2 protein chains.
Amino acid sequence: MNIKPTDSELEILNILWEKGPSTVREVHEVLEKNKEAGYTTTLKLMQIMHEKNLLKRDVSNKSHVYTANVSQEKTQGQIVKRMIDNVFNGSASQLVMQALGNHKPNTEELNEIKKYLEEIEKQNRK
Amino acid sequence: MNIKPTDSELEILNILWEKGPSTVREVHEVLEKNKEAGYTTTLKLMQIMHEKNLLKRDVSNKSHVYTANVSQEKTQGQIVKRMIDNVFNGSASQLVMQALGNHKPNTEELNEIKKYLEEIEKQNRK
DNA sequence: GATTGTCTACGAATTGTTTCGTAAGCAAAC
DNA sequence: GTTTGCTTACGAAACAATTCGTAGACAATC
């Protein structure tokens with residue numbers, strides 16, 4: 001299945017991934033911190049996301065409780081894959097260099113990445 | 001200035017970055033290899049991209065010649081930055097790991113990335 | 001039991017992207 | 001000079017995302 005959330009939908013998914021199951025009001029309050037938005041706008045968005053199966057919902061209470069129905073890892077993976085294909089002509093390493101070039105990681109992050117690379121290298125040698 | 005091409009626009013930009021200045025017909029012929037599309041559709045898209053200043057054009061000949069008016073590096077950089085913010089909560093290294101995890105680079109690419117990392121490390125030590 | 005506040009549902013307006021039909025210009029071929 | 005073929009320009013239709021007003025349901029409060 002292919003996951004392709006819009007930017008607005010991604011904002012909501014990020015909140016749900018972080019906070020876990022939440023009502024529209026709870027999500028809306030987080031959104032409001034960063035931008036102007038009417039309550040019914042957030043409601044409608046989340047209803048549509050539910051129709052698209054991006055969100056699950058529990059309607060047993062008056063205030064429905066929504067949960068992300070797609071995993072953060074899988075969603076990130078698909079977005080990255082699409083970007084590698086569309087923007088970097090299929091070259092993952094080009095994306096990596098671009099990401100590193102503009103957002104220099106600190107030493108700790110560097111070590112993490114290097115450890116990761118070594119693992120891949122080991123597998124390559126096999 | 002903020003560059004935010006749509007997916008269709010990116011397809012055209014990719015062709016122009018690769019081929020250099022081209023007519024609508026030339027771009028269209030490349031596009032057709034990968035997908036169905038009418039000639040006037042491509043034309044209209046490129047005209048709109050010109051209005052948005054994504055493309056330059058030379059109208060001295062009957063067949064106008066279009067050129068990308070945004071650099072590949074800058075465009076890629078902005079898209080990557082937006083993605084790091086929207087999808088990876090600001091963490092470039094998380095994006096890097098995700099990219100490496102799903103699209104294992106070959107040995108040559110690995111070396112390139114490692115060289116890059118070492119340079120960053122050197123700078124960090126200063 | 002009327003009022004108030006919060007919720008969902010629904011539909012419509014707005015905006016942006018994509019697609020393409022049609023007309024008009026122009027030059028080469030007949 | 002008329003036909004043919006390629007070009008640009010224009011406008012409209014189709015579609016999707018976003019926004020929000022309004023109505024109705026429901027429960028707590030007066």
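Remember, it's a predicted structure, so these values are computed and weren't measured experimentally. Just so it is clear: chains get the letters A, B, ... in the order the sequence lines come, proteins before strands, and each one is counted from 1.
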Please state whether the phosphate of D/dT8, meaning OP1 or OP2, lies under 4.0 angstrom from any side-chain nitrogen or oxygen of B/Tyr39. yes
B/Leu45 CG to D/dA9 C1': how many Å, rounded? 15 Å
Just to be sure I understand the rule, does B/Thr41 reach a base, reach only the sugar-phosphate, or reach nothing, if contact means heavy atoms closer than 4.0 Å? base
Quiz question: by atom type and distance under 3.5 Å, do the side chains of A/Ser60 and A/Asp58 form a donor-acceptor pair? yes
Can you check whether any acceptor in the base of C/dT6 is under 3.5 Å from a donor in the side chain of A/Lys62, or vice versa? yes
Is the closest basic N to carboxylate O distance between A/Glu9 and A/Lys52 below 4.0 Å? yes
Under a plain distance cut-off of 3.5 Å, with no hydrogens placed, do B/Gln98 and B/Asn102 share a side-chain donor-acceptor pair? yes
Any base atoms under 4.0 Å from A/Ser8, or only sugar-phosphate, or nothing? Heavy atoms, all strands. sugar-phosphate
Figure out the CD/P separation between A/Gln47 and D/dA16, and round it to whole Å. 19 Å
To the nearest Å, give me how far apart NE2 (B/His50) and P (C/dT17) are. 17 Å
Whole-Å distance between C/dC10 P and A/Met46 CE? 17 Å
Measure the distance from CD on B/Glu29 to C1' on D/dT7 and round it to the nearest whole Å. 14 Å
Polar pair under 3.5 Å, donor/acceptor by atom type, side chain A/Lys44, base C/dG11: yes
Return the value, rounded to whole Å, for the distance between atom CG of B/Asn61 and atom C1' of D/dT7. 12 Å
Taken to the nearest whole Å, CD/A/Glu11 to P/D/dT18 is 9 Å
Distance in angstrom units between B/Lys4 NZ and C/dG16 C1', rounded: 11 Å
Is B/Thr6 touching bases, backbone alone, or none of the nucleic acid, heavy atoms closer than 4.0 Å? sugar-phosphate
Of all heavy-atom pairs linking B/Lys74 and B/Ile3, the shortest is CG-CD1, 4.4 Å
Counting only side-chain nitrogens and oxygens, does A/Arg57 get under 4.0 Å of the OP1 or OP2 atom of C/dA9? yes
D/dC6 phosphate, OP1 or OP2: any side-chain N/O from B/Arg25 under 4.0 angstrom? no
For A/Glu18, is the CD atom crowded, meaning more than 12 foreign heavy atoms sit under 6.0 Å from it? no
Could you tell me whether A/Lys52 contacts a base, only the sugar-phosphate backbone, or nothing, with contacts defined as non-hydrogen atoms closer than 4.0 Å? sugar-phosphate
